[in-house]
Enquirer: 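I am attaching a structure below and will ask some questions about it afterwards.
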2 protein chains.
Amino acid sequence: MRAYDLIKHKRDGGALTSEQVRALVAGYVDGSVADYQMAAFAMAVFFRGMSGDEVVGLTQAMLHSGIVVDLADVPGVKVDKHSTGGVGDKISLPLAPAVAACGVPVPMVSGRGLGHTGGTLDKLESIPGFKVDLPLTDYRRLVRDLGCCLIGQTKEIAPADKKLYALRDVTATVDCIPLIASSIMSKKLAEGIDALVLDVKVGSGAFMKKRDDAATLARTMVELGAGMGKQVVARLTSMEQPLGALVGNALEVLESIEVLSGGGPKDVVELTVELGAEMLVLGKVARDVADGRARISKSLQDGSAKERFGRIIEAQGGDRRVLDDVRRLPTAPRTLPVPAPRAGYVTAVDTEAVGIASMLLGGGRQRASDAVDPRVGLAVHRRIGDRVEAGEPLVTLHVADAGVDAAAARARDAFVIGDGPVPAPALFLERIAGGTA
Amino acid sequence: MRAYDLIKHKRDGGALTSEQVRALVAGYVDGSVADYQMAAFAMAVFFRGMSGDEVVGLTQAMLHSGIVVDLADVPGVKVDKHSTGGVGDKISLPLAPAVAACGVPVPMVSGRGLGHTGGTLDKLESIPGFKVDLPLTDYRRLVRDLGCCLIGQTKEIAPADKKLYALRDVTATVDCIPLIASSIMSKKLAEGIDALVLDVKVGSGAFMKKRDDAATLARTMVELGAGMGKQVVARLTSMEQPLGALVGNALEVLESIEVLSGGGPKDVVELTVELGAEMLVLGKVARDVADGRARISKSLQDGSAKERFGRIIEAQGGDRRVLDDVRRLPTAPRTLPVPAPRAGYVTAVDTEAVGIASMLLGGGRQRASDAVDPRVGLAVHRRIGDRVEAGEPLVTLHVADAGVDAAAARARDAFVIGDGPVPAPALFLERIAGGTA
């Protein structure tokens, strides 16, 4: 079947076989299917969606376009976590070492920040010397020896996904659930995992603003995992306000070190514990989620998670002394409070705007090719439901030279202040798992 | 606004301004908008449609991407006819000289056949010596001197349409009414016309199988014409069976000569008279359609249309003696009757299959780059409602060496034979015109 016929069939509401989808992607990679044909296909998928078989075919095609890391010689069930991205979401940093310290290997390939969201790689790189571009041989060795390695997507991993993602990015076909699900899963499965915990964000700071869309994405990925023989558990969690108190690269490392030292903001700790507990259950180290929670909490309290993070930092070329002396992290030259324009209660936060404020200061990227400034970001002083007096700071900007006025305006306007108190939104919204998880 | 934003806006159901559409097409022509972006946009248009303003913007952008012929020095109202294409549709051949003979200049830029449909240029080229690739200077001179010139789309005419059409052809975005309408109208308006009669075909041999779709296309083009200051009248006519008795390039010239000699099949004559009458009214030569019919009929009966065709053939390098000696037309080496498999009444014809039979014999093109054999085609002996006995020929194939068995099977299977008589379908279905026509 020609690419034309496959595009037309999808356009007219038909379902392709998973073989047909695989052939299309293979043709796209080898150049026999033109990028304009793939762009038309992606737009047709935007309107028509994809069947379960189609998503599996697409994921398999992208997965097998590159190297699938073989971690068979690493003992235990390898489990990773993926978040769909938000503002202040630094959970991977305390989570990965905590889970590894509890005995479950965590092979973690992360991404960079784009738009209003930060990226784990950018945060890690604000630790002096930390290298995220290790070759896959080192990655395999560290997962085996330390139970964890934190790297970026290499050229060998899912190159078809890389090519298709770049095309979607310029043809307005990014926000399409089957394409998002297959993109995430092809990369995650290429890491060599046995199971995966998904943190699907919902709310004003998430890509999915609506809970229904987030649930659909979560279900798509859980089913996709099942279709490919991997257990996947998804948690829908709130992104109606920034996660934790700090947003920005070095600032989020700082907050992660607080959590690894047994402190840190309540929501960051709770989410780390909850997602870690799911990973320990999938990794067959915890009996159930309650047991998992206890084990993760203990690893944060007794220093074992922090100790493990120190070994990971060292193994990846970083300065592990930051864990005990956070002044070794890069710091913004000055700070600037953003005062509340009136007294009242915070009733809502435009969390995406908070993320954009950090980006405008240089902490994020407008385009994938932009550089980030690890020093800048903001500290959030009020959460939904909190009382604030006129003139009290809502946030404090950590600034260098870029974007100060624009960021201050964005941050101030992001907070909706009303007359009466409102309840704080729940962090945990829904758990979606397959038949056996 | 970036191309990305325009694609996304259209994808999400928004309407662009006609300036935005023009900017998009201009960017596509100059290369700043990539072909994959235009493909995604076209697919979004397939699903979302276009507003009147958008179609006008698109048409203007494509029209002004090349030369718009200026026929201001040709006296009179210049009127052309365009058909959306069918099987056996040779109407342009008797029509253009008849209308010119009645005093209305006909500047006609035609296309080639593709798939199951024939093209006027291919038919004209079966007249020995006839040249359709005249430069625009000759075209202008012949329209002025003879009232008619029959050429193909030159490189200078609507190059953006040419580029976009080629892209649509490989991305399954051809059958989309606003894109069809703007493609047709940008080419027609570039000819230098003042008014246009559209023959929108409906039925088993047409691109539009459904009357509603055909009516929508017709209305879109009538409104588009009005939006660009041109009077457009559309006629919806039946393509439930081949037009006339002959299908194929030289065969259709032969049938056209019959009509120009005062004879020919009833449906071909009626359609020529009707469309010609509309053109004479738009051209302000006839008082009304009835007057127009009388004038066109007279030109076919008194030889003036045939005489005009002779002068056009001569001016375009062809052998005008074919008009009086059709043996000078290319002829297939042999013929092959296709017998009816049973007795009964023809109740339906898969007209597209009849067109494909002709194509398989070499009379049409599967791809735009294919050559055509002017000699081959078929004669249709039975029409819907006709009685046929078992073994009597339904059609006679005019064959050379290619595709005889496949064409015979297609032609035989195209005729549905039932037990009782059915009424012949009406040729004229609907007339769609703007406020003043």
Enquirer: So which residues of residues 157-169 of chain B are in contact with chain A at a heavy-atom cut-off of under 4.5 Å?
Expert: Leu167(B), Asp169(B)
Enquirer: Do Asp35(A) and Asp35(B) come within less than 4.5 Å of each other through their side chains, counting heavy atoms only?
Expert: yes
Enquirer: Return the option, out of Ala42(B), Ala34(B), Ala44(B), with the maximum number of heavy-atom pairs under 4.5 Å with chain A.
Expert: Ala44(B)
Enquirer: Does Asp405(A) CG have over 12 foreign heavy atoms under 6.0 Å away?
Expert: no
Enquirer: Mind checking the CZ-NZ spacing from Phe46(A) to Lys8(B)? Nearest 0.5 Å is all I need.
Expert: 8.0 Å
Enquirer: State the OH-OG1 distance between Tyr4(B) and Thr173(A), to the nearest 0.5 angstrom.
Expert: 8.0 Å
Enquirer: Suppose we screen for side chain to side chain donor-acceptor pair (under 3.5 Å). Which residues come up paired with Thr154(A), at least two apart in sequence or across chains?
Expert: Glu156(A)
Enquirer: Do the side chain of Arg11(A) and the main chain of Ala172(B) share a donor and acceptor less than 3.5 angstrom apart?
Expert: yes
Enquirer: Any side chain to side chain donor-acceptor pair (under 3.5 Å) pairs touching residues 112-121 of chain B, not counting sequence neighbours?
Expert: Arg112(B)-Asp122(B), Arg112(B)-Glu125(B)
Enquirer: For residues 47-60 of chain A, give me every residue with a non-hydrogen atom less than 4.5 Å from any non-hydrogen atom of chain B.
Expert: Phe47(A), Arg48(A)
Enquirer: Kindly give the heavy-atom pair with the smallest separation between Val170(B) and Ile7(A), and that separation in Å.
Expert: O-CD1, 4.1 Å
